[in-house]
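Note that the numbering runs from 1 along the sequence shown for the chain. Basis for what follows: all heavy atoms, side chains included, without hydrogens, waters or symmetry-related copies. Quick caveat, the model's predicted, so the values are computed rather than measured.
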Amino acid sequence: MVAGMLMPLERLRSILELLFREGVLVGERDGCPRRTHPQLPGVANVEVRRAMASLRSRGLVRQTAAWRHLYWYLTDAGIAHLRRYLRLPPDVVPRSLQRVPRPAAPRAEPRRAAGTAGTQRARPAAGERLYRRKDEGERHAEPGAVRAGQGVSQPPPQPGPATAKDG
């Protein structure tokens with residue numbers, strides 16, 4: 001099944017089982033042939049890459065590369081092929097195609113006063129506003145005008161008379 005490389009069938013089967021179970025497989029792009037795959041103990045990373053290259057050449061997986069990693073995604077034809085090869089029932093699907101059931105949490109409606117309309121939002125009191133207009137005294141000065149103590153460097157403080165005691 002794998003072109004250009006001899007591989008024991010139990011290793012190939014474990015690669016294909018993991019690919020079908022997850023729907024996605026990740027492999028590091030490195031030249032070290034002895035490095036093992038992190039999800040498959042006893043299987044070299046180069047064997048995973050060669051098996052995926054064989055599946056990719058037949059259009060059974062789609063490959064994406066990002067930095068030093070390669071990602072392989074099963075196509076619909078790949079799912080059908082692996083289902084036949086691994087002799088799986090038709091109700092078994094990869095994890096990437098399964099929908100995750102969300103827990104149905106009851107949402108509590110906020111209690112409203114009897115006299116308020118349901119479409120209006122509660123407004124903060126006048127003193128609690130986040131955005132408010134500045135008072136007349138707080139307005140900014142004109143850009144060219146400089147007030148005392150702002151933007152003007154002050155001369156350094158002069159040392160006072162030194163008091164030395166002779167004695």
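The distance from atom CG of L82 to atom CG of L55, rounded to the nearest 0.5 Å, is 6.5 Å.
One hydrophobic cluster holds both M52 and L9 under the rule that ILVMFWY side chains link at heavy-atom gaps under 4.5 Å. With hydrophobic clusters built from ILVMFWY side chains whose heavy atoms lie under 4.5 angstrom apart, L25 does not share a cluster with Y71. V24 and L86 are assigned to two separate hydrophobic clusters, defined by single-linkage of ILVMFWY side chains at heavy-atom distances under 4.5 Å.
Partners of A53 under the side chain to side chain contact (heavy atoms under 4.5 Å, CB included) rule, at least two apart in sequence or in another chain, do not exist in this structure. For P41, there are no side chain to side chain contact (heavy atoms under 4.5 Å, CB included) partners two or more places apart in sequence or in a different chain. Applying the side chain to side chain contact (heavy atoms under 4.5 Å, CB included) rule to R84 yields the partners A80, H81; only residues at least two apart in sequence or on another chain are considered.
Judged by distance alone, the side chain of R83 and the main-chain N or O of V92 form a donor-acceptor pair under 3.5 Å.
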Under 3.5 Å, side-chain donor or acceptor atoms of residues 30-37 against the rest of the protein: list the pairs with distances, not counting sequence neighbours.
residue: D30; atom: OD1; partner: N45; partner atom: ND2; Å: 3.3
residue: D30; atom: OD2; partner: R35; partner atom: NH1; Å: 3.0
residue: H37; atom: ND1; partner: Q39; partner atom: N; Å: 3.2
residue: H37; atom: NE2; partner: V26; partner atom: O; Å: 2.5

Please set out all donor-acceptor pairs under 3.5 angstrom arising from side-chain atoms of residues 59-70, sequence neighbours excluded.
residue: Q63; atom: OE1; partner: R56; partner atom: NH1; Å: 2.6
residue: Q63; atom: OE1; partner: W72; partner atom: NE1; Å: 3.2
residue: R68; atom: NH2; partner: E28; partner atom: OE2; Å: 3.4

Side-chain donor-acceptor pairs under 3.5 Å in residues 14-21, sequence neighbours left out?
residue: S14; atom: OG; partner: E10; partner atom: O; Å: 3.4
residue: S14; atom: OG; partner: R11; partner atom: O; Å: 2.7
residue: E17; atom: OE2; partner: R13; partner atom: NE; Å: 3.3

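Taking a 4.5 Å side-chain heavy-atom cut-off between Ile, Leu, Val, Met, Phe, Trp and Tyr, the cluster of V93 contains only that residue.
Considering every non-hydrogen atom in both S96 and G23, the closest pair reads OG-CA, 3.5 Å.
At a threshold of 4.5 Å between non-hydrogen side-chain atoms, the residues E47 and R50 do not count as touching.
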